[in-house]
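Heads up: the structure comes next, in structure tokens.
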Number of protein chains: 2
Amino acid sequence: MSTVRGARERARIEVTAAIKDEARRMLAAEGAAKLSLRAVARELGMVSSALYRYFPSRDELLTALIVDAYDSVGAAAEEADARARAAGAPPRARWAEVCGAFRAWALAHPHEYSLIYGSPVPGYSAPLDTVGPAARAANALIGIVRAAHQGRGIALPPLPAALRAEAERMTADFAEGLPPEVTAALVAAWGQLVGLVSCEVFGQFNRVVEDRDAFFAHAAGQLGHAVGLPSV
Amino acid sequence: MSTVRGARERARIEVTAAIKDEARRMLAAEGAAKLSLRAVARELGMVSSALYRYFPSRDELLTALIVDAYDSVGAAAEEADARARAAGAPPRARWAEVCGAFRAWALAHPHEYSLIYGSPVPGYSAPLDTVGPAARAANALIGIVRAAHQGRGIALPPLPAALRAEAERMTADFAEGLPPEVTAALVAAWGQLVGLVSCEVFGQFNRVVEDRDAFFAHAAGQLGHAVGLPSV
DNA sequence: CCAAATAGAGAGCAGTGCTCTTGTTTTGGT
DNA sequence: ACCAAAACAAGAGCACTGCTCTCTATTTGG
């Protein structure tokens with residue numbers, strides 16, 4: 001299925017990858033605003049119009065980078081969890097590791113983080129191609145909570161009536177098997193985790209939090225508590 | 001001190017305001033990426049170079065809009081709190097109102113929200129002029145917790161040793177009088193609130209959360225609980 | 001082997017931020 | 001009241017952007 005038919009096809013794959021690599025380099029160096037097709041083409045020794053054979057617009061290139069970024073952060077989260085699980089870590093520790101890996105990835109790739117969790121840059125774009133990869137990091141957290149629930153069970157206070165149906169729908173959609181209260185707490189915790197990391201990456205904590213490592217570790221631990229993970 | 005000296009000075013103030021108004025209109029309509037000095041100038045019937053007499057660069061204009069946006073969201077938060085307090089609402093209800101006002105402002109002004117809580121758009125910029133206005137909304141929440149603490153007192157579990165000094169420093173810096181545990185929880189709650197709202201505004205909850213009102217109300221209530229506000 | 005598909009190059013359009021120069025108007029001190 | 005100085009507006013221009021179009025060379029598959 002993925003057999004490369006000829007030299008042309010092979011070249012196309014290589015050039016496409018080279019474009020993305022160069023674009024990612026510029027993104028990391030200067031941010032999405034300064035990423036220009038012409039500069040990428042120039043750096044690759046081609047003319048800008050030739051680049052449109054590979055990406056029909058700047059936004060499509062950005063979308064490709066977005067998908068890659070989601071995959072990258074998702075992989076980082078999954079690897080952190082795999083390591084923790086291999087070391088026999090309890091759910092709470094796995095949770096902390098995954099949150100920490102998410103934050104570390106964001107701090108190491110601030111511009112890519114901005115691209116996916118910051119303001120949507122290119123008009124809008126990127127609705128459907130990205131939902132799969134986007135879920136990877138969150139799914140790592142869901143997996144931890146699911147494991148903990150299948151272990152000794154998780155119990156949280158009942159939800160307000162207004163949220164019960166919605167929580168059951170969410171559970172059926174992407175967290176099958178969890179109690180609805182846990183699903184709701186999990187989604188909230190995900191949003192809150194993104195907030196903590198965004199505040200740090202985007203500078204909202206600049207003259208506020210100094211010891212960011214300690215602060216985040218504690219806050220992430222609290223999030224683990226909020227979704228019902230046992231304390232040790 | 002604010003006496004306008006002559007016709008020229010008056011005109012300058014008016015033109016400056018007109019530029020900001022038009023820029024804000026375009027920002028709200030199309031987003032920061034599509035905001036162009038030339039378009040603003042064109043709409044105002046002036047030539048683009050003339051605009052540089054009022055704002056030395058596009059980034060400076062954006063910074064001015066950022067400051068205004070911080071003020072706007074801060075005012076919305078303060079007004080919501082004032083209304084709730086006038087109605088004799090307990091701290092927990094005031095907290096919910098302010099969180100709700102923050103979210104409502106964000107949903108009503110998504111592009112301005114992106115400007116201040118999304119990725120920093122123009123290179124970087126905007127470090128010092130903005131810290132004052134930026135704190136208004138957060139200060140509203142601090143005020144609520146302070147009032148609750150001075151009322152019946154707030155007690156939270158002790159902090160891990162690694163965070164104690166940092167929490168005391170933060171308390172001294174901007175939350176004088178609160179227990180350090182509460183300060184730490186407050187800062188975390190602020191980041192988490194920003195995360196919940198950002199996820200909603202930036203579309204991270206798109207195929208995830210449907211009943212956003214109910215979900216946010218519950219999550220904001222949990223944040224109120226996390227900072228130690230009594231349950232009713 | 002040759003028509004069709006594909007890739008690249010170059011020119012060009014409309015738009016951008018920003019600078020510099022050239023006149024014009026308002027201001028404030030003498 | 002006058003006049004230099006300051007502030008302002010306008011226009012031309014530079015270097016850049018995304019994107020389209022046309023033209024030519026190359027590779028492909030029937």
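Note on naming: letters A, B, ... go to the chains in the order of the sequence lines (proteins, then strands), and numbering restarts at 1 for each one.
We find that CD of A/E9 is positioned 16 Å from C1' of D/dT26, with the value rounded to whole Å. Residue A/R10 contributes atom CZ, which lies 15 Å from atom C1' of D/dT27 at whole-angstrom precision. Rounded to whole Å, the distance from CZ on A/R53 to P on D/dT24 is 15 Å. The CD1-C1' distance, from A/I19 to C/dA7, rounds to 12 Å in whole Å. A straight line from CE of A/M26 to P of D/dC16 spans 13 Å, rounded to a whole angstrom. Put simply, CG on A/L37 is 13 Å from C1' on D/dC16, counting in whole angstrom units. Rounded to whole angstrom, the span from the CG atom of B/L35 across to the P atom of C/dT16 amounts to 11 Å. Between the C1' atom of C/dT6 and the CD1 atom of A/I13 lies a distance of 15 Å, rounded to the nearest Å.
A/F102 and A/W190 have their aromatic ring centers within a separation under 6.0 angstrom.
Between D/dT17 and A/S36, a contact under 4.0 Å exists linking OP1 or OP2 to a side-chain N or O. Note on B/R42: every side-chain N or O is 4.0 Å or more away from OP1 and OP2 of D/dA10. Here A/Y54 reaches the OP1 or OP2 of C/dG8: one of its side-chain N or O atoms lies under 4.0 Å away.
Nucleic acid contact class of B/L51 (heavy atoms, under 4.0 Å, all strands): none. Within 4.0 Å (heavy atoms only), B/S48 reaches at least one base atom of the nucleic acid.
Of the candidate nucleotides C/dG8, C/dT16, C/dA7, C/dA7 has the atom nearest to the side chain of A/R12. If you check D/dT17, D/dA10, C/dT16 against the side chain of B/A39, the one that comes closest is C/dT16. Comparing atom distances between the B/R58 side chain and each of C/dA9, D/dA10, C/dG17 picks out C/dG17 as nearest. Listed nucleotides C/dG10, C/dT16, C/dT19 differ in distance to A/S49; the shortest reach to its side chain belongs to C/dG10. Comparing C/dG15, D/dG11, C/dG17 by their nearest atom to the side chain of B/Y52 picks out C/dG17.
Distance alone, capped at 3.5 Å, is enough to place a donor-acceptor pair between the B/R212 side chain and the B/F205 backbone. A/R38 contributes no side-chain N or O that, together with a main-chain N or O of A/V47, makes up a donor-acceptor pair within less than 3.5 Å.
In terms of polar N and O atoms assigned as donor or acceptor, the side chain of A/R38 comes within less than 3.5 Å of the base of D/dG18 in a complementary pairing. Judged by atom type and distance alone, A/R8 reaches the base of C/dT6 through a side-chain donor-acceptor pair under 3.5 Å.
If you run side chain to side chain contact (heavy atoms under 4.5 Å, CB included) between B/R103 and each of B/V98, B/D213, B/L193, only B/D213 comes through.
A salt bridge links B/R169 with B/D173: the closest approach of a Lys/Arg side-chain nitrogen to an acidic carboxylate oxygen falls below 4.0 angstrom.
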